[in-house]
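Have a look at the structure below, then the notes.
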Amino acid sequence: MRLFIKTLLGAALSASLAVSAQTLPQIKILATGGTIAGTAASATQTTGYKAGDLGIQVLIEAVPQMKEFADVSGEQIFKISSNNMTDEGLLKLAKRCNELLKDPKVSGIVITHGTDTLEETAYFLNLTVKSKKPVVLVGAMRPATAISADGPMNLLNAVRVAADPQSVGKGVLITMNDVINNARDVTKTNTTNVATFRGGELGALGYIAGGKNYFYKESTRPHTYKSDFDIEKINKLPRVDIIYSHVNADRVLVDAAVAAGAKGIVAAGTGNGSISEREEAGLVDAMKKGVTVVRSARVQNGPTTASVARWQEEGILFSQALNPQKARMLLQLALTKTQDPKKIQEYFDKY
Ligand code: ASP
């Protein structure tokens, strides 16, 4: 009898879960690796651990609370430390997002990702995902095995944001440490601290607190469903290198990039994207060979603007408030459409 009642209760519970699962927003979690799936030998080890060790099912089972507000299922795309992310990886991820988001049953996507290059992947998806549905990237700064691991709460929050109708049409989002940022403006600002992702002077979009999402702002720059870029038929992105300027900078790395087949170079200049005269000579020769050159800045805040008149006359473009690694993403995508410097500068002015 007791067994029978237990069975009945069990059946009723699974029936009600099945009903609620049908009505809850369906969120796909695409796992790529990173510290959020990292394991270390001890609970106090927070550096030198193995990133991307745990599979997506383990991460999902560690946070059963997310099933209260979303019907979640996982998919393992990669198991890498994100310093090993590649152009091919980005294309694969963007195509998978577009494929999943076409399905009317899917409400949104969460992507677990290493924090090192998370901002680049986020910005690439921000320009290539063709949907208003939420796409939220999330990582962790402490491996899953650490005391006070930040991954589980970050994942819960990411699913909460992805399942929230307020997140629709806001472009690709990043949730870490209870803060919601947008893909365009966010950058990793601290090598080891959990409060690492910040939008700098352009700020965050909102917060997650007490189980609620609070949005305050939106970017004015077009993204996702309003983007000009379509990667569906693209299998390879043009090579674009970043050259970091410094005292005594010469043209050796510029020439090396050209020799390696770069179609574009982002100069991570000093100050307002300044380049040394020796770098400039190399960049001008690169442009004569058809390479597109964009000045960005190694300084964290502020736009890189038109500056020394000669640089404009030479045809060197400028990135506005995109940091070098994001300027690289935009230049790669721009070069899939045109080599016309005027048109490419328009993309930088627009995005
Ligand atoms: N190296 C790791 C990665 O980017 C760091 C992290 O996830 O925080 O995958």
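Read the numbers this way: they start at 1 and go in the same order the structure lists the ligands and their atoms. Bear in mind that the values here come from a model prediction, so they are computed numbers and not experimental data.
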Should you measure from each heavy atom of Thr35, which atoms of ligand 1 turn up under 4.0 Å away? 2 (C), 5 (C), 6 (C), 7 (O), 8 (O)

Kindly assign one of parallel, tilted or perpendicular to the pair Tyr351 and Tyr347, based on the angle between their ring planes and the thresholds 30° and 60°. tilted

Once you round to the nearest 0.5 Å, how far does OG of Ser148 lie from CZ of Arg142? 5.5 Å

Counting only N and O atoms by type, is there a donor-acceptor contact under 3.5 Å from the side chain of Thr115 to the main-chain atoms of Gly139? no

Would Lys132 and Tyr225 count as a cation-pi pair here, with the cationic atom under 6.0 angstrom from the ring centre and within 45° of the axis? yes

Using a plain distance cutoff, I'd like to know if Thr117 has any nitrogen or oxygen under 3.5 Å from a nitrogen or oxygen of ligand 1. no

Run the numbers for me: atoms of ligand 1, each under 4.0 Å from some heavy atom of Ser81, listed by number. 1 (N), 2 (C), 3 (C), 9 (O)

When you check the side-chain N and O atoms of Asn157 and Asp178, is any donor under 3.5 Å from an acceptor? yes

Would Ala140 count as a contact of ligand 1 if the rule is a heavy atom under 4.0 Å away? yes

Considering only non-hydrogen protein atoms, determine which one is nearest to atom 8 (O) of ligand 1 and report residue, atom name and distance to 0.1 Å. Thr115 OG1, 2.3 Å

Heavy-atom contacts with Gly34 under 4.0 Å: which atoms of ligand 1 show up? List them by number with element. 7 (O), 9 (O)

With rounding to the nearest 0.5 Å, note down the distance linking CG in Leu173 to CE in Met176. 14.5 Å

Which residue holds the protein heavy atom closest to atom 4 (O) of ligand 1, what is that atom called, and what is the gap in Å? Ser82 OG, 2.5 Å

With side chain to side chain contact (heavy atoms under 4.5 Å, CB included) as the test, pick out the partner of Leu155 among Thr175, Val136, Val63. Val63

Before signing off on this row, confirm whether Lys188 and ligand 1 have an N or O atom pair separated by under 3.5 Å. no

Could you list the atoms of ligand 1 found under 4.0 angstrom from a heavy atom of Asn83? 1 (N)

